[in-house]
Asker: 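Below you'll find the structure I mean.
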There are 2 protein chains.
Amino acid sequence: MFQSHVVVKQKFLTFPGLRHAGPCGASKDSTIKLEADQTIYSEGEHALAIYQVEAGAVRIYRLTASGHRHILSFCSKGEWFGLEKGHVRTDFAEAVCETRIRPFPADPDAVISIDLLNIALTNLAKAQDRQLVMTEQSALKRVAAFVQEMAERRPEEPEFDMMMSRSDIADYLGLTIETVARSFTKLRDRHIIRLNGKLQRSVRLLDRGALRALTI
Amino acid sequence: MFQSHVVVKQKFLTFPGLRHAGPCGASKDSTIKLEADQTIYSEGEHALAIYQVEAGAVRIYRLTASGHRHILSFCSKGEWFGLEKGHVRTDFAEAVCETRIRPFPADPDAVISIDLLNIALTNLAKAQDRQLVMTEQSALKRVAAFVQEMAERRPEEPEFDMMMSRSDIADYLGLTIETVARSFTKLRDRHIIRLNGKLQRSVRLLDRGALRALTI
DNA sequence: CGCTTCATTGAGATATGTCAATCAGAGTGG
DNA sequence: CCACTCTGATTGACATATCTCAATGAAGCG
């Protein structure tokens, strides 16, 4: 058992984000710029920092013993990741696309102002919501829930870019790439969404009601 | 944004567990005795307390809009539940069998000693582990993972009682009762477990290695 | 133009859901 | 004691959704 503040001090003894001090590394405002697929941290590493996404998206995943990748969550602007129970990373974090993140905080004293409990509870709530989505048997519903989740992150924009590949989505929803593609096709054929762009990752919502109906 | 300690004080203004002050209610050592299936709290209620299980087991679940029950977690001896992000319950908590729980803490000053962050992170880690189990496509593997989870809670005992019904297990693993029963039969036929008792809820592990192999 | 990558589509195999019947144990009442 | 019922678990037969394997399509790039 340990107290929150003790944990904090243990976690942030050293300046986080050192591995990113390359050409794509931290600028003087302490944000870190990442290219697509660049690793932020890996399983087994010492957990030195938590991060907040400033732009782009991050995937948090684990590798099963059988070598399958399971994506636990996607984090986009404003969301926090990297808060762990122990001092060792249990998962991997990578940029989905060109991304900017902020390690937080470098200063052990400043960290007291971060509400770690709130971050943990927010992530817990999301993990629980996802559990419900995963047990929805229908692949179409899972994909619909995913689109809904992505759409909610940009409530104002009529069209948005999902950024992640079909493979990412499949590993997130526990489906195969083919089933994900078929589900997107169904949503398109039912005039619920329109897909645009080279990689069909740009989504325009045509029928929010129908989408929402699928997620319930 | 709020600080942990502020949350604590808001959460515990009143003495928790008032609804349990019946014949099965709190004794003077503040533990609460519950019969099987007795409700601890329900969705929509004001969150007044967190709880620790002293004996028995508790199921935490949600009801989907379509009326399906999804069990988020089972909590057994020593485990904490009822810590929520907001002030309103988002799920239901019920005793699986005859159960004893301790509301914690009644005193706003004593609560400071509870490591809420640790509880939240423990629950988060469990929720994430479960995500991996849920996306294991094979029903047999999910049931094996469930048996493994139950067995780990009693590492010393050669035989243990699962307490929960096939229906509970199905709602936990995102399967049907029939598939759960078939999976248990397979585990029995492969001499991995032996099932005993009227309701076949008592499990004796015959081949831990084979069980573990299924969960990987 | 060939090559690569990512997405889509098709055909067949398989696991799980659905519906229905049966079984085992406990309790109840005659 | 025996028939009856009730509950929870199991088993069977069939339908179907998703996975698997394979082919095709579309866009970018050397």
Side-chain angles (χ1 to χ4, degrees), chain A residues 35-37 59 64 66-71 96-97 133-147 161-190 193-203 214, chain B residues 35-37 59 64 66-71 96-97 133-147 161-190 193-203 214:
Chain A
E35 300 162 22
D37 296 320
R59 58 173 159 255
T64 66
S66 51
H68 283 54
R69 180 182 71 162
H70 175 74
I71 295 180
V96 170
C97 52
V133 172
M134 310 302 284
T135 53
E136 289 283 335
Q137 298 94 331
S138 160
L140 185 61
K141 286 185 177 186
R142 293 194 220 182
V143 173
F146 173 77
V147 173
D161 189 341
M162 296 189 294
M163 294 173 288
M164 44 290 280
S165 67
R166 297 292 186 264
S167 171
D168 282 333
I169 299 169
D171 288 350
Y172 181 57
L173 298 177
L175 301 169
T176 58
I177 299 175
E178 295 92 330
T179 303
V180 170
R182 277 184 252 266
S183 299
F184 272 113
T185 302
K186 262 185 200 163
L187 292 177
R188 173 167 51 71
D189 290 352
R190 294 187 189 180
I193 62 172
R194 183 188 305 277
L195 293 167
N196 292 317
K198 173 182 82 156
L199 296 172
Q200 302 288 85
R201 295 181 190 176
S202 180
V203 175
L214 278 173
Chain B
E35 300 163 22
D37 296 319
R59 61 175 156 254
T64 67
S66 51
H68 282 54
R69 179 182 71 160
H70 175 74
I71 294 180
V96 170
C97 52
V133 172
M134 308 304 283
T135 54
E136 289 283 335
Q137 299 91 333
S138 159
L140 185 62
K141 287 185 175 186
R142 293 195 221 181
V143 173
F146 172 76
V147 174
D161 190 340
M162 297 189 294
M163 291 171 289
M164 46 288 280
S165 67
R166 298 294 186 260
S167 171
D168 281 333
I169 299 169
D171 288 350
Y172 181 58
L173 298 176
L175 300 169
T176 57
I177 299 175
E178 295 92 332
T179 302
V180 170
R182 276 184 254 265
S183 298
F184 272 113
T185 302
K186 264 185 198 163
L187 292 177
R188 172 167 52 72
D189 291 353
R190 293 188 190 180
I193 62 173
R194 181 189 306 277
L195 292 167
N196 292 316
K198 173 182 84 156
L199 296 173
Q200 302 288 87
R201 296 182 190 173
S202 180
V203 176
L214 279 173

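Just so it is clear, the model here is predicted, and its values are computed rather than measured.
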Asker: Closest heavy-atom contact between B:Gly174 and A:Thr135?
Answerer: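 Where B:Gly174 meets A:Thr135 most closely, the heavy atoms are CA-CG2, 3.8 Å.
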Asker: side-chain contact (heavy atoms from CB on, under 4.5 Å) for A:Arg166 and A:Asp171? Distances and angles first, verdict last.
Answerer: CA-CA 9 Å; A:Arg166 297 292 186 264; A:Asp171 288 350; over 6 Å; no
Asker: With a 4.0 Å cut-off on heavy atoms, is B:Arg142 in touch with a base, just the backbone sugar-phosphate, or nothing at all?
Answerer: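 Nothing, no heavy atom under 4.0 Å.
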Asker: If I compare all heavy atoms of B:Met162 with all of B:Gln200, which pair ends up nearest, and what's the gap?
Answerer: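 Residues B:Met162 and B:Gln200, closest heavy atoms: CE-O, 4.1 Å.
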Asker: Kindly state which residues belonging to residues 173-183 of chain B come within less than 4.0 angstrom of DNA chain C, counting heavy atoms of the residue only, listed by number.
Answerer: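 Close to the strand are B:Gly174, B:Leu175, B:Thr176, B:Glu178, B:Thr179, B:Arg182.
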Asker: Name the atoms and distances for all side-chain donor-acceptor pairs under 3.5 Å in residues 180-188 of chain B, with sequence neighbours left out.
Answerer:
unit_1   : atom_1 : unit_2   : atom_2 : d
B:Ser183 : OG     : B:Thr179 : O      : 2.8
B:Thr185 : OG1    : B:Ala181 : O      : 2.9

Asker: Under 4.0 Å from any heavy atom of chain A: name the first and the last nucleotide of DNA chain D that qualifies, 5' to 3'.
Answerer: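 Going 5' to 3' along DNA chain D, contacts run D:dT18 to D:dG28.
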Asker: Which nucleotide of DNA chain C is the first, and which the last, in the 5' to 3' direction, to come under 4.0 Å of a heavy atom belonging to chain A?
Answerer: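 So the outermost contacting nucleotides come out as C:dC6 to C:dA11.
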Asker: How far apart are the closest heavy atoms of B:Arg69 and B:Asp168, and which atoms are they?
Answerer: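 Scanning both residues completely, I find the closest heavy atoms to be NH2-OD1, 2.9 Å.
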Asker: Measuring from B:Thr64:OG1 to B:His70:NE2, what's the distance to the nearest 0.5 Å?
Answerer: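 Those atoms lie 10.0 Å apart.
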Asker: Locate the shortest heavy-atom distance separating A:Tyr172 from A:Ile71; write the atom from each residue and the value.
Answerer: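 So the two residues come closest at CD1-O, 3.4 Å.
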Asker: If the condition is side-chain hydrogen bond (donor to acceptor under 3.5 Å, both in side chains), which residues does B:Asp189 pass it with, not counting sequence neighbours?
Answerer: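 By the side-chain hydrogen bond (donor to acceptor under 3.5 Å, both in side chains) rule, B:Asp189 matches no residue at all.
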Asker: Return the minimal non-hydrogen interatomic distance between A:Asp161 and A:Arg201, and the atom names on each side.
Answerer: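 Taking A:Asp161 first and A:Arg201 second, the nearest heavy atoms are OD1-O, 3.4 Å.
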Asker: Give the intermediate values and the outcome of side-chain contact (heavy atoms from CB on, under 4.5 Å) for residues B:Val203 and B:Arg194.
Answerer: CA-CA 6 Å; B:Val203 176; B:Arg194 181 189 306 277; over 6 Å; no
Asker: If I compare all heavy atoms of B:Cys97 with all of B:Met163, which pair ends up nearest, and what's the gap?
Answerer: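 For B:Cys97 and B:Met163, the tightest heavy-atom pair comes out as SG-SD, 3.3 Å.
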Asker: Name the one of A:Val147, A:Leu214, A:Leu173 that satisfies side-chain contact (heavy atoms from CB on, under 4.5 Å) with A:Arg142?
Answerer: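 When A:Val147, A:Leu214, A:Leu173 are each tested with A:Arg142, the side-chain contact (heavy atoms from CB on, under 4.5 Å) holds only for A:Leu173.
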Asker: Give the residues of residues 161-171 of chain A touching DNA chain D, defined as any heavy atom closer than 4.0 Å, sorted by residue number.
Answerer: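 DNA chain D contact set from residues 161-171 of chain A: none.
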